[in-house]
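Working notes for the structure below.
The sequence lines fix the lettering, A, B, ..., with proteins before strands; numbering per chain opens at 1. Computed from heavy atoms alone, side chains included, the values below leave out hydrogens, waters and symmetry copies.
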Amino acid sequence: MVEFEPMQRRFYQRSTELVARSLLGKLLIRTTKAGLAAVRLTELEAYLGPSDLACHTFGGRRTPRTEVMWGPAGFSYVYLVYGMHHCLNVVTVGEGHGEAVLVRGGLPVLGEELMRERRAGGRGLSDGPGKLCQALSITRTDNGLDLCDPESGLYLGDDGTKVPLTEVRSLPRVGVAYAGEAATWPLRFLWQPPTTHPVTE
DNA sequence: TCTAGGATCGGCT
DNA sequence: GCCGATCCTAGAT
């Protein structure tokens, strides 16, 4: 079984923007009965809590759905969008902040065949939040997992890949036109690897 | 209870 | 490039 060094809780207990940017190039590793699959993250978005109109916790909203967003950093927040797609987020900063990073896309590095099966003929394996969740078999039942613990079946790890700041682009977030000025904030972070980085180990 | 609308995707024009 | 699918969530009655 391949294992990677999991990101520690401290990694997530920083500003949401910094966590989003720092997650570029990291590995999202998923283990299920069907096997192991992993992607290298290339696209993330920061959601800045009560002051961010695009964020589910805007204005201090605290509901059953958003409960884990108010909890400790390093846990998963998974919700259903448009009645059919799941989105994976990572809670940041710490308890009471309501901030998170949306995982929007990555490149397959392990278990590509398994991902292809799960995507069942769709185009692209993990180049979108809904596709990534489908390829890694992530649903609302995976809400509230501890992403610092490989035992949870879903965690983030580091294989030493470096992402130079000069290769990172920041743009406005996708699909939040309703959020007024917040829709223009450059909180979407993209990394296009110069070449594909193979998994070392 | 009821209702409007959504952090998307894929099929069709 | 446009549009419908699909059903949960949150806020309003």
ask   = For A/T63 and C/dT9, is the shortest distance between a side-chain N/O and OP1 or OP2 below 4.0 Å?
value = no
inquiry  = Under 4.0 Å from OP1 or OP2 of C/dA10: is there any side-chain N or O of A/R61 that close?
reply    = no
query = Can you check whether A/Y47 stacks with the B/dA7 base, using ring centres under 5.5 Å and planes within 30°?
reply = yes
key: Under 3.5 Å on both distances, the Watson-Crick or G-U partner of B/dC12   = C/dG1
request  = To the nearest Å, give me how far apart NE2 (A/H85) and C1' (C/dT9) are.
outcome  = 17 Å
query = NE2 of A/H86 versus P of B/dC9: gap in Å, rounded?
reply = 12 Å
key: Atom-pair distance (CG on A/L132; C1' on B/dC9), nearest Å   = 14 Å
CZ on A/R173 to CG on A/D52, rounded to 0.5 Å = 4.0 Å
message = Does B/dG10 have its OP1 or OP2 closer than 4.0 Å to a side-chain nitrogen or oxygen of A/R119?
response = yes
inquiry  = For the CG atom of A/L48 and the OG1 atom of A/T16, what is their distance to the nearest 0.5 Å?
reply    = 5.5 Å
message = Heavy atoms within less than 4.0 Å of DNA chain B: which residues of residues 72-81 of chain A have one? Give them sorted by number.
response = A/Y79, A/V81
query = Taking a pair as Watson-Crick or G-U wobble with both distances under 3.5 Å, which nucleotide is matched to B/dC2?
reply = C/dG11
key: Residue-phosphate contact under 4.0 Å: A/R62 side-chain N/O, C/dA10 OP1/OP2   = no
task = Please answer: with hydrophobic residues joined when any side-chain heavy atoms are less than 4.5 Å apart, are A/L147 and A/L28 in the same cluster?
result = yes
Touch class at under 4.0 angstrom, heavy-atom based, for A/R173 against every strand present = nothing
query = Once you round it to whole Å, what is the distance between P of B/dA7 and CZ of A/F58?
reply = 14 Å
query = OP1 or OP2 of B/dA7 less than 4.0 angstrom from a side-chain nitrogen or oxygen of A/R188, does that happen here?
reply = no
Interatomic distance at P, C/dT6 relative to B/dC2, whole Å = 23 Å
inquiry  = Tell me if the centroids of the rings in A/F75 and A/Y77 come within less than 6.0 Å of each other.
reply    = no
task = Answer yes when A/R116 and A/E112 have at least one side-chain N-carboxylate O distance shorter than 4.0 Å, and no when they do not.
result = yes
task = Return the 5'-most residue of the pair A/R140, A/Y82 with respect to DNA chain C, ranking by each residue's nearest nucleotide.
result = A/Y82
